[in-house]
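Counting convention: from 1, in listed order, for ligands and their atoms alike. As the structure is a prediction and not an experimental result, all values here were calculated from the model.
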Amino acid sequence: MKSEWPSRIPTHIAFIMDGNGRWAKKRLMPRSYGHKVGVETMRRIALDVFDAGISYMSVYAFSTENKARPQEEVDGLFHLIRTRLEELMADIIARGARVVFMGDLQYFPQDIQEILQRVKEKSAAGRSGTLNIGLNYGARDEILRAAAQCVQAGDATPEAFAKRLYTADIPDPDLIVRTGGEKRLSNFMLYQAAYSELFFSDTLWPDFDTAELKALLTEYAKRNRRYGKV
Ligand code: IPE
Ligand code: IPE
Ligand code: MG
């Protein structure tokens with residue numbers, strides 16, 4: 001059955017998908033199990049988001065700081081990309097959405113870079129939505145790179161700067177949702193978040209579901225966005 005979604009749907013929703021490790025620990029499972037279930041949640045929620053008519057969904061999947069986690073956990077995340085990403089994205093692509101990645105992808109081993117490139121190319125014709133996945137993404141890194149490029153080009157207008165961010169062709173997020181109970185942005189979309197509505201949920205990411213998404217969108221629809229005006 002097709003779900004009913006609230007009116008005044010945003011254009012762009014972003015998720016800081018936090019709480020995978022704790023979700024697994026609560027079940028006496030290794031943290032990597034939480035990531036495995038977490039990517040399934042990402043697929044489920046992306047399909048809901050596009051079903052709701054939202055055009056852009058960004059997710060924070062792996063931060064520049066997450067690289068410093070124990071090698072075993074980082075390897076587990078690489079393994080997930082190698083074994084699950086293309087299959088997970090097939091559903092999104094079948095839904096008519098395109099998949100793009102933001103972050104410094106050079107960090108990843110060559111075979112992973114090829115997987116990401118394949119997913120991007122396979123989905124490039126998608127017109128019914130954009131899933132933007134942050135991998136080795138950090139907002140400070142993004143901002144400093146854009147600034148350096150602006151200096152090099154001798155053009156530091158706001159437009160020139162925005163064009164050099166990873167989100168060059170993506171509008172700013174209307175709302176940013178962080179699951180997992182922490183109330184911080186942890187280096188996510190710091191430039192783009194200037195006027196984003198913020199939502200913090202105690203739900204651990206693997207448990208995030210359609211009902212909670214709907215509740216958030218209902219609350220979003222009631223918020224008064226003033227952008228500094230009266
Ligand atoms: C978020 O979940 C996913 C990644 C950072 C890869 P965490 O792994 O941070 O899970 P918690 O916050 O430790 O529970
Ligand atoms: C933010 O979560 C990064 C992702 C969700 C990918 P973290 O778990 O890395 O953030 P902190 O350490 O709690 O700030
Ligand atoms: Mg965390």
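The shell of residues lying under 4.0 angstrom from ligand 2, judged by heavy atoms, excludes E65. Heavy atoms of H35 come nearer than 4.0 angstrom to ligand 2 in no pair at all. Every heavy atom of G180 sits 4.0 Å or more from the atoms of ligand 1.
Only the side chain of R31 comes within contact range of ligand 1, with a heavy atom under 4.0 Å; no backbone atom does. Only the backbone of F62 comes within 4.0 Å of ligand 2, judged by heavy-atom distances.
The protein non-hydrogen atom at the shortest distance from atom 1 (C) of ligand 1 is M17 O, 3.0 Å. Atom 14 (O) of ligand 2 has as its closest protein heavy atom S186 OG, 2.6 Å. Nearest to atom 10 (O) of ligand 1 among the protein's heavy atoms is G21 N, 2.9 Å.
The shortest non-hydrogen separation linking R22 to L204 is C-CD1, 4.1 Å. The shortest non-hydrogen separation linking F188 to A14 is CE2-CB, 3.8 Å.
Looking only at atom types and distance, the side chain of T157 has a donor-acceptor partner in the side chain of D155 under 3.5 Å away. A donor atom on one side chain and an acceptor atom on the other are not found under 3.5 Å apart for E73 and S32. Using modelled atom types and a 3.5 Å distance limit, the side chains of D174 and H12 yield no donor-acceptor pair.
Residue-to-ligand polar distances place R184 within reach of ligand 2: an N/O pair is separated by less than 3.5 Å. For the pair W23 and ligand 1, the shortest N or O to N or O distance does not fall below 3.5 Å. Ligand 2 has a nitrogen or oxygen under 3.5 angstrom from a nitrogen or oxygen of D18.
The atoms of ligand 1 that sit less than 4.0 Å from any heavy atom of A61 are 4 (C), 6 (C). Within ligand 1, the atoms closer than 4.0 Å to a non-hydrogen atom of R22 are 11 (P), 12 (O), 14 (O), numbered from 1 in the order shown. Shown in contact with R69 at under 4.0 Å from a heavy atom are these atoms of ligand 1, numbered in order with element: 5 (C), 7 (P), 8 (O), 9 (O).
A salt bridge between R84 and E87 is present, with a side-chain N of the basic residue lying under 4.0 Å from a carboxylate O of the acidic one. By the 4.0 Å N-to-carboxylate-O rule, K122 lies close enough to E86 to be salt-bridged with it. Ion pairing between a basic and an acidic side chain is recognised when a charged N comes within 4.0 Å of a carboxylate O; E40 and K36 show no such pairing.
The aromatic ring centres of F208 and F15 sit less than 6.0 Å apart. F161 and Y191 have their aromatic ring centers within a separation under 6.0 angstrom.
Going from atom OG1 of T218 over to atom OH of Y220 covers 12.5 Å, rounded to the nearest 0.5 Å.
Figure legend: K67 and Y107 shown as a cation-pi pair, the cationic atom lying under 6.0 angstrom from the six-membered ring centre and within 45 degrees of its axis.
Of the possible polar contacts, one joining the R27 side chain to the W23 backbone as a donor-acceptor pair under 3.5 Å is found.
Any protein N/O/S atom under 2.8 Å from the Mg ion (ligand 3) was counted, giving 1 altogether.
Summarising the contacts of atom 2 (O) of ligand 1 with N66, T179, N20, the nearest heavy atom is found in N20.
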